[in-house]
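Report on the structure given below.
Chain letters run A, B, ... following the sequence lines, proteins first, then strands; residues in each count from 1.
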Amino acid sequence: MSSSRRQYPFHLIEPKWQQTWEQQQAFRAFNPNEEIPANHPFAVRHKLSGKVSATQLPEKFYILDMFPYPSGAGLHVGHPEGYTATDILARYRRACGFNVLHPMGWDSFGLPAEQYAVKTGQHPRVTTEANIANFTRQIKSLGFSYDWSRELATTDVEYFKWTQWIFLKLYNSWFNPETNRAEPIETLKFPAELESTSVGRASSRADAWDGSSVASPHQDLESRRRAYRDSKRLAYVSEAPVNWCPELGTVLANEEVIDGKSEVGGFPVIRKPMRQWMLRITAYAEKLLADLDTIDWSDSLKEMQRNWIGGSEGAEVEFRAGGKYVRRSDNAESEFQIGPKIPVFTTRPDTLCGATYLVMSPENKLLDEIVEDKWPFWAYAELKGTSLFGKEPATPKEALELYRKYAASKSDLERTDLNREKTGVYIGESAVEPIRENIIPIFVADYVLANYGTGAIMAVPAHDERDWEFAKKYRLSIRAVVMPPDEWLMNAVGSPPAEWFTNAFKLLNLSMDSMDLLTAARKLYERDCGLFPYPFVGTGTAINSSGTDDLQVNGLSTAEAKAKITAWLEEKKLGKRTINYKLRDWLFSRQRYWGEPFPIVWKKDAAGNLHHEALPESSLPLLPPSLEDYKPTADGQPPLARAKDWLNLPDGSVRETNTMPQWAGSCWYYLRYTDAKNVQSFVGKDADNYWMASNGKAAGVDLYVGGTEHAVLHLLYARFWHKVLFDLGHVSTPEPFYKLVNQGLILGEDMQKMSKARGNVVNPDAVVEEYGADALRLYEMFMGPLQDTKPWNTKGVEGVYRFLGRAWRLFVDEKAETAFEQAETTTEPSKHAELLDLILLDGGITDTDATPAQLKTLHACIKKVTEDLDGMRFNTAISAMMVFINEAMTWQTKPLSVMKTFLQLLAPFAPHIAEELWARLHSTFGQTAPSLAYAVWPKFDAALLVESEIELPVQVNGKFRDTIKVAVDADNTAIEAAAKASEKVQTFIAGKAIKKVIIVPKRMVNLIVG
RNA sequence: GCCGGUGUGGCGAAAUGGCAGACGCACAGGACUUAAAAUCCUGGGACCAUAAAAAGUCGUGUGGGUUCGAGUCCCACCACCGGCACCA
C-alpha cells in the first residue's frame, strides 16, 4: 500500500455514515398498511406516518440485483459493478419521490459448501453462514442503500419452506391445453376408459412417452387413474436418460452441460437412464416465447432465450410403415396387416415428395414394432452396418440392437461432434410416402435426436445437408423437388462448366447444342440433382411434386407449396400444422445434500407398485436430516439416503432422497423480498399488488441488473415459475422482470478474465482500504458503459479518487484540513472520529446569490446528470460532475445554494462524502440538515442555459473553416452575412460564386461554392 | 455454420447526420518545495511546415454508396467478443 497522503478522511467519514443510515433504518421500504414511524426520513419527505394504504403511498420503484452465491472467496470487483449501478438509481429514485424497494439476499444453497462438507465433515450451513457474514460485511462497507430488514437466504428454513410449497403447487397442477394455462390437478378429466369401472386397455405408447412406466399394466383402476394424473402433472417423474456427472455425483440439467462437460468444474457428463423429477416447462414454451415481446430486455438477451426455446413452424406428417402378410394361426389363409404410423416432423412439408427414406432415432420405441425379422435379398453390407459392428448382423433386429448399443456408448461430446461421419442401419422395413405413395426404406441413425419432434424424420437428401451426407454414404436415392434460383445453379455449375457437369450431361445422353448453359443446368438438376456437388437447402420453385390428381404443386414457390401441401395433409388427415420447440422439460432433481428436500414420499400399493405422494402443506418445512457423512452412499444413492431414521416413515413409506437444484430458490426470491416476513403466505396479496403490479406501466420488477451468465438458466426458470404462479392466481403479473440490464464483465488489468489462477483478481476490500468506498463506486461507474466488458485499471481508481479530493477541497478550509491531519497523527485511532470537527468549511462558501455564470454551470450539470441517470449513462454523468468541479475550482465565492445542489447530484454516486459535506454545510450556516437521501432531486432551469450569443461552425463545401459568433435569434440573412464576412472563410470563397447556402438553425452554416 | 454485439488517440472512453476525441488515465513542460510526494497551471490524433507559430493535408476496422455534410444512415467485406450448434 502506498503511504501517500489521503485525499480526504474517507476512512472516518464512510463508517460514520454507514452507522447513521443503519441507526435511522434510512432505507427501509414500507409496505402498504405497514406502520411508518413519523420521524423516518421517508415519512418526513412525504408527510406520512402510521399505517398508509397502497393508494396513499408514493409510486413504487422496485430495483433488484441478482443475489450472489456467498462463496468462500468473498466479493470480487465484478459484484459491486451492478450493485453500484442499482444503488445509484435507487438513491436517485428516492430523491425523485418514489417508494423504492431495493433488497439484497443470498443464493446460498450450492455445491461448494457441500464439497467442503464432504472433505471436512463441516455442516454446509456453518460454512454458508460464515460466508454470508463475510459478504454482508463487504457489501455493507460499500454503503449500498439496501433495505436489510428484507434480507433473505434461500437456505433459511422460513424461506425454503415456501420453495417447497411452490413445488407442491407445481406438483398439484397440470397444463390445460384448452384454457392454455396451469390448473389444479383436480380439474383434469380422466379419459373415458378410466372413468368407468369397465377396464379398457390403456395406451402403452402414451404411458411410455410420459414416463409413467413405473406402473405395471396390471394395476387396478385406482392406480391407473393415479398413473394418468401423475403423467400430467407439472412436476412429474421420468425414467428418461439424463446427464449424469460421475465426478460431481449428480445429474445436471441440459442447460448445465456445455460441450458434453459440466458447466461447474468441466467434468465429463454421460447419458444414463435414471428416475428423475422433471418440471414441464415445455408446456410454457409458447408463452415464454411470446411474452418476450412484452418486456424491456436487450435484443441479444431476448434472442438468446428465443434460440433456447427454439420454436420452428412446420408439419407433423404420418408415414405408414409397410404392412406385412401374417399367417393366421387358425386358418391357412394369410392376412395383410397394416403397419403402424410413423409421425415425422418437418419444417419443409413442401419437400415431402423428395423424401427418399425415413430415419428414426435409436431411442425411438416404435422401432421395435416395425423392425423386420429378415433381411431382404438385396440388402448390401453397408446397409446392415457390417463394417460398423465388425460382423454382419443376421437379422435387422440384431442390427438394430447392435446399433442401439453403439449409439448408447457414445458420450455426449462424441454425439454432438459435427465432424463425425454419420452412421445408421437399415431395419429391413419400408414406409409409404403419403403424396406419391413411393415406397421408401426406414433407417435407424443417431443423427436424429430422440427428444426433438417425434424422434423420426423424413429424409430429403436433395434439400438437406445432413440427409445428403447420409444418402451419399449409403448410396440412397436423391430426388429434387425444389428448383434452385438461377444464380445458385450457375454457381454450382461454374464457368466454364465444371467437368462433373459436362460428363454428367453426356452420360444422360443429353445434348447441349440446342440449349444455353442455364437451361442445361436446370434440366440436369431436375433429372438428377445428386450429381451436383452439394445439396440446395434454400427456397425456390416446386418440381417433381405433383403426384396425384387432386394435388398440383409444381411451379409453386416454396411458401405456396408448403401451405398447399399442409392443407392437403390436414384435409386427408395425414398430418397437421405444428410448432416444435427445442426447449425440453427441466430436470429438477439433484443427488445432493445441500438443497431443498422434496416434500414427497414413495408408497407401495397392494400389488407392490411404487407411487409418489405429496406431503400436506401443513407438514412444511421439510428439513434435511443431519448427517455425519455427506458423500453419496456406496450403492450410488444420494446422501439423504444415509439418514435411515429420516428416510423411513412409520407407515412404511420412504422419503424422496433427491434434492432440488440451486435454481429453485432463485426462481422466486424477488417475490419474497416484497413481503419477507410473511408467515401466512409466500407473499401477501397487498404486497404483491403494490410492488409487482403494473400501475398501468411496467409490470413486475422495474429494473433487474445482473450478469449475462444467467441468460437462459435463471431467467428462463424464474419466468416459468412466475407464469405458473400467475395462472394459479398467486401473483398478479404474467412476467417477473420488466426491464433487465446485463452489466458487462470486468477484466483484470492484463485484459484477461479475472481468476485466482491468473492472479489478476482485484479485491474490493483492498480498494476500499486505500481509496474508500466512494472512490470504488465512482470508478466502477466511470470505467465505461455498464453493459460493456472493460478492464480494471488501478490508475483509473486514482483518477476518480483525485476527483473526490478536488470536490472535498472545494468545500473545506485548507488550514483546518492540515490541522486535522496533524491532530490525527498525535491522537489514538479510537478518537479520530471526533477530530472530524476540526475540519472547517472554506471561507469562500457564502450564503449569497449565485452569478448567472455559476447558475449556468450548475444547471448544465443538473441537466446532464439527470438525463444520464434516466438513460443509465453513469460514466458521462460523472464526467459532467468533473466538469462542474473543474469550473467551480476557479470561483472566488461559492454560493451556498449552488454547493448544496451539487452535493445532491453527487449523493447517489458518492453518498458518504456527499452526506458529510451536506451536514457540515448546514451546520456551518446554523441550519438543520434534512436527510440527503430523501432531499428533493433538483430540477434544471432551461432558461438559465440560454445564451444570448452562440458560436456557429462555418463550412465551405462541407469542410469546416471557421466559427462565427451570432445572436441566438439571428435570422438566416444575418447568419449568412456573418459567415461570408469571416476572414478565414473569405480565403475559400474569394472569387467564387456561392451556389447555395445551408443554414441549420443553431447548428451550422455551409456555403457551397462553384 | 447460424444468431447477436463491438471495432474511434499510447490506454478507458465521449459525440439528437453538423467544429471527432468531452471527461479521465498515462505522458511532457512549468509553479510550489532544500528535494521528493501531494497539489496547482499548461500542452497534446497523425502528417507536413517552422526558430516558434499560423495556414494546409490526412484521420473513427476495409471498400463502395446516400447526403450540402457520415464515427453516426445503406450495401459488401475483414477482425475480435458472446451465445447456439446434426433441433429436420
Counting any heavy atom closer than 4.0 Å, what does [X] reach on the DNA or RNA strands: base, sugar-phosphate only, or nothing?
{"X": "A:F884", "value": "nothing"}
{"X": "A:S879", "value": "base"}
{"X": "A:I998", "value": "base"}
{"X": "A:K795", "value": "sugar-phosphate"}
{"X": "A:E465", "value": "nothing"}
{"X": "A:V883", "value": "sugar-phosphate"}
{"X": "A:T963", "value": "base"}
{"X": "A:M881", "value": "nothing"}
{"X": "A:D299", "value": "nothing"}
{"X": "A:G310", "value": "nothing"}

Legend entry - Aromatic A:Y447 / basic A:K422 pairing, under 6.0 angstrom, 45° off normal: yes
Inset, instruction - Establish, yes or no, whether the cationic atom of A:K472 lies under 6.0 Å from the six-membered ring centre of A:W468 and within 45° of the ring axis. - result: yes
Inset, instruction - Report yes if the side chains of A:V482 and A:T539 come closer than 4.5 Å at any heavy-atom pair, otherwise no. - result: no
[X] side chain, from C-beta outward: closest of [options]:
{"X": "A:K959", "options": "B:A14, B:C23, B:C58", "result": "B:C58"}
{"X": "A:K984", "options": "B:G12, B:A55, B:C19", "result": "B:A55"}
{"X": "A:N875", "options": "B:A26, B:U57, B:A14", "result": "B:A14"}
{"X": "A:K790", "options": "B:G12, B:A88, B:C40", "result": "B:G12"}
{"X": "A:M304", "options": "B:C86, B:C19, B:G82", "result": "B:G82"}
{"X": "A:F782", "options": "B:G24, B:C68, B:A14", "result": "B:G24"}
{"X": "A:L449", "options": "B:A88, B:G69, B:C3", "result": "B:A88"}
{"X": "A:Y447", "options": "B:C86, B:C68, B:C84", "result": "B:C86"}
{"X": "A:E303", "options": "B:G4, B:G18, B:A38", "result": "B:G4"}
{"X": "A:E798", "options": "B:C68, B:A85, B:A26", "result": "B:A26"}

Strictly by Watson-Crick or wobble contacts shorter than 3.5 Å, is anything paired with [N], and which nucleotide is it?
{"N": "B:C77", "value": "B:G61"}
{"N": "B:A28", "value": "B:U42"}
{"N": "B:A37", "value": "none"}
{"N": "B:G17", "value": "none"}
{"N": "B:A49", "value": "none"}
{"N": "B:C84", "value": "B:G1"}

In whole Å, what is the span from the [atom1] atom of [X] to the [atom2] atom of [N]?
{"X": "A:I994", "N": "B:C68", "atom1": "CD1", "atom2": "P", "answer": "17 Å"}
{"X": "A:D962", "N": "B:G18", "atom1": "CG", "atom2": "C1'", "answer": "16 Å"}
{"X": "A:M783", "N": "B:G24", "atom1": "CE", "atom2": "C1'", "answer": "12 Å"}

Inset, instruction - Answer yes or no: is there a donor N or O on one side and an acceptor on the other, between the side chain of A:T351 and the main chain of A:V460, under 3.5 Å? - result: no
Legend entry - Donor-acceptor pair, side chain of A:D585 and main chain of A:I281, under 3.5 angstrom: yes
Inset, instruction - Kindly label the base of B:G5 as syn or anti, based on whether its glycosidic torsion lies within 90° of 0. - result: anti
According to a strict under-4.0 Å criterion, is [X] in side-chain N/O contact with OP1 or OP2 of [N]?
{"X": "A:Q787", "N": "B:U6", "answer": "no"}
{"X": "A:S312", "N": "B:A88", "answer": "yes"}
{"X": "A:N886", "N": "B:G24", "answer": "yes"}
{"X": "A:R806", "N": "B:C40", "answer": "yes"}
{"X": "A:R1003", "N": "B:C19", "answer": "no"}
{"X": "A:Y452", "N": "B:A88", "answer": "yes"}
{"X": "A:R802", "N": "B:A26", "answer": "yes"}
{"X": "A:R809", "N": "B:A38", "answer": "no"}

Using 4.0 Å as the upper bound for N to carboxylate O, is an ion pair formed by [Y] and [X]?
{"X": "A:E303", "Y": "A:R306", "result": "yes"}
{"X": "A:E81", "Y": "A:K790", "result": "yes"}
{"X": "A:D350", "Y": "A:R348", "result": "yes"}

Between [M] and [N] - [atom1] atom distance, rounded Å:
{"N": "B:C19", "M": "B:U60", "atom1": "C1'", "answer": "16 Å"}
{"N": "B:C74", "M": "B:A22", "atom1": "P", "answer": "27 Å"}
{"N": "B:C80", "M": "B:G69", "atom1": "P", "answer": "35 Å"}
{"N": "B:A15", "M": "B:G71", "atom1": "P", "answer": "16 Å"}
{"N": "B:A76", "M": "B:G83", "atom1": "P", "answer": "26 Å"}

Could you tell me whether the side chain of [X] has a donor or acceptor atom within less than 3.5 Å of a complementary atom in the base of [N]?
{"X": "A:K422", "N": "B:C86", "answer": "yes"}
{"X": "A:N307", "N": "B:C84", "answer": "no"}
{"X": "A:Q955", "N": "B:G18", "answer": "yes"}

Inset, instruction - Let me know which of A:V705, A:T789, A:T708 forms a side chain to side chain contact (heavy atoms under 4.5 Å, CB included) with A:Q743. - result: A:V705
